[in-house]
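By convention in this document, chain letters (A, B, ...) are assigned in the order of the sequence lines, proteins followed by strands, and residues within each chain are numbered from 1.
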There are 2 protein chains.
Amino acid sequence: MSVEPQQTGRRRVGRTTEGRRLLRRTLTVAAIDLFLESGYEQTTVDDIAAAAGVGRRTFFRYFRSKEDAIFPSHDEVLRDIERLFAEADDRQNPIEVACAGVTLVLDSYLSDPDVSVKRYTLTHTVAPLRDREVASVDRYQRVLARYLRARFETDGQPLADLRASVAAAAVAAAHNHVLRRWLRSGGTEDAHAMARKAFQLVVDAFSTEQPRRETGDDETVVAVLRSSASLAEVVQQISASLRPAGGHPQ
Amino acid sequence: MSVEPQQTGRRRVGRTTEGRRLLRRTLTVAAIDLFLESGYEQTTVDDIAAAAGVGRRTFFRYFRSKEDAIFPSHDEVLRDIERLFAEADDRQNPIEVACAGVTLVLDSYLSDPDVSVKRYTLTHTVAPLRDREVASVDRYQRVLARYLRARFETDGQPLADLRASVAAAAVAAAHNHVLRRWLRSGGTEDAHAMARKAFQLVVDAFSTEQPRRETGDDETVVAVLRSSASLAEVVQQISASLRPAGGHPQ
DNA sequence: ATTGCTAATGGCACGGAGTGCCGTTAGCAT
DNA sequence: ATGCTAACGGCACTCCGTGCCATTAGCAAT
C-alpha cells in the first residue's frame, strides 16, 4: 500500500556482502511486522517485497520461501558450531563442548532481542512457522549428535551412537528451554545464567565416565551395583572406588 | 495415464470409516511408489490421485498437503498416548511411562514394515519430507514433555519444567534411534529389544529418585554419594537402601 | 420399488507460492 | 567514455491448496 518514495533499497544494495545483509534484514523486519499485524496467511510475498521496496522476484533471491523470511541465516551459525567442534580440545567433556556449541545458537538470538521476541510470538502462533523452526533445531541437533558420536566412539563408549543421539537431544532441549524462557520474559532475563544451570543438569545426567573433578568443594561418586551382591562386596567396591583420585571403576 | 477400468475406488469408499482407511492407504502407497520411482518434485498431486483412481480434489480431502500423503495419521497415535498417560499409575516411574507412550509410536511403524521402510528412504532423501517427519516427532515430544512436567511438579522435583523438556527429548531421541536402526535393517531386527536397552539408558540417566524394583532377576541400585562422607555413613546408607524389598520411600 | 436425504466425490476456477528466463541498469574497472 | 558484471524487476508458467457446486452412490422411510 504505502510505498516509500525514496527507499534506499532501490539501489543495488545486494551488490556487496554488506548490502545483502542489510536488505535481508529489511525484508525480515518487514515480514515479521506484516505477519504480526495482518496475519501470516493474509500476507503475500508481494506485500513483503513491496514493504521492503524491492520486487517480488528479488525476495526469492534472499529467501527460499515465504516461511524463511522471518528466520536468521542458520547456515552461518552452523558453520561456527562446526568450527568450534573442530578446534575443541579432545580432553574436554564432550557434552560440555556440545553445550558450548549450542550456546552459539543462543547468542545469535540474544544478539537481536527485538526481532527474536517478535519472531517467537509468530512461531508460537503460526503452525508452518513453528514447523520451520523445529526443522532448523533438528539441523543443529544433528550436528551435535555427529560430534558427540565421534567423541564417544574414540572414547570407547558402549552404545556410542545411541548415547550421542540422546545426549544431543538433551542438550538441544535444554537450549530450547532456556531460549523459550528468555523469549517469554521479553528478552529481559539472564539467558546465560539460565543456560549454565540447564546445561549442568544435562552434563550431570550423561557424564557417567567420571565425576566432575574440577568443581573443587564436594565431589560425587556414582556407583552401579547389583543388589544381589553381598554387602561385603558392595562395601569393598565402594571404598575402592572412593580412594583413588582419578581411577574410575567402569 | 493408465486408468484402471474397474477400480473399486470409483465407489464411495470413503463413506464408511473402513472405506476411508482403505482409500487413505491406497493413496499413501501410490504416493510412496511414485515418489520413489519418479522423484518427489516430479510427482504431482494429480499423478497420485490418478494412480489411486480418484480425483485431485479427493486427495486433498484425505491429506492436507502433498507431503502428508506418505505419513500415517499421527493424530490417532497421539490420542492413544494421551489415553495411556491419563490411565497411567502415578506410582510408576514417569520416564518409564513416557517410554511406554513413545512405544506406541514405534508400534505404529512396526505394524507396517514395508511402507515404513520405503517411507524412510524418502524422508532420508527428500528435505521437505524430512522436515515434515521432524515436525511430527516434535508433536510427540511435546505430549511427552507435558506429561512429564505434570508428574515432576506433583513429585516436587526442582526445575520440573526443564527436566521434563530434556527428558522428553531424550526419550524421543532414544525412540528415533531405535526406529532408525530398525528401518535401516529393513525391518528385520528386534525393535522392541533395542528399545528396551535404549530406554534403559535414558531411565538410568534421569531417574535420580529411585532404582527400578520391578525387573525380577538381577536388580540394579544406583547410589549417589558424597565422597566427603565418612565410609561408615556410606555403608549405613547403602545397606539401608538395599534391605527393603518393595517399599521405596516416595 | 419409489422417493428423499445425506455425504462423498470430482470438476472448475481462483489466488498465491516458487522458478526459469530475459531485458534492464547500477556499480566498477579500464 | 566504454565495456563488463551481476543484481534487479517483470513476465510467464507450473503446481499447490481451497472454495464452490453439481452429481451420484448409499441408505432409510414409505
* Return each pair, listed once, that meets side-chain hydrogen bond (donor to acceptor under 3.5 Å, both in side chains) where at least one residue sits in residues 117-128 of chain B; pairs must be two or more places apart or across chains. => B/Asp33-B/Lys118, B/Tyr120-B/Arg184
* Asked: D/dA7 P sits how many Å from A/Arg24 CZ, rounded?
  -> 15 Å
* Can you check each nucleotide of nucleotides 12-19 of chain C against protein heavy atoms at under 4.0 Å and return B for base, S for sugar-phosphate only, - for none, in 5' to 3' order? => B---SBBB
* Asked: Under a 4.0 Å heavy-atom cut-off, which of residues 124-134 of chain B touch DNA chain C?
  -> none
* **Short side-chain N/O contact from A/Tyr62 to OP1 or OP2 of D/dA7, under 4.0 Å** => no
* Under 6.0 Å from the CD atom of B/Glu41, do we count more than 12 heavy atoms belonging to anything else shown? -> no
* Tell me whether the centres of the aromatic rings in A/Tyr140 and A/His74 are closer together than 6.0 Å. => yes
Under 3.5 Å, which donor-acceptor pairs do the side chains of residues 79-86 of chain A form with other protein atoms, sequence neighbours left out?
residue, atom, partner, partner atom, Å
A/Asp80, OD1, A/Arg83, NH2, 2.8
A/Glu82, OE2, A/Arg146, NH2, 2.9

Taking only distance into account, with no hydrogens and no angle test, what donor-acceptor pairs under 3.5 Å do side-chain atoms of residues 44-56 of chain A form with protein atoms, sequence neighbours excluded?
residue, atom, partner, partner atom, Å
A/Thr44, OG1, A/Asp46, N, 3.4
A/Thr44, OG1, A/Asp47, N, 3.2
A/Thr44, OG1, A/Asp47, OD1, 3.4
A/Thr44, OG1, A/Asp47, OD2, 3.2
A/Asp47, OD2, A/Thr44, N, 3.0

* List the steps, then state whether side-chain hydrogen bond (donor to acceptor under 3.5 Å, both in side chains) holds for A/Glu133 with A/Ser136. => CA-CA 5 Å; A/Glu133 172 99 333; A/Ser136 70; 4.5 Å; no
* Structure fact -> The side-chain contact (heavy atoms from CB on, under 4.5 Å) partners of B/Ala193 (sequence neighbours excluded) come to B/Asp190, B/Arg196
* Just wondering, more than 12 heavy atoms not from A/Arg25 lying within 6.0 Å of its CZ? -> no
* Atom pair distance, as rounded to whole Å: CZ in B/Arg61 and C1' in D/dC16 -> 16 Å
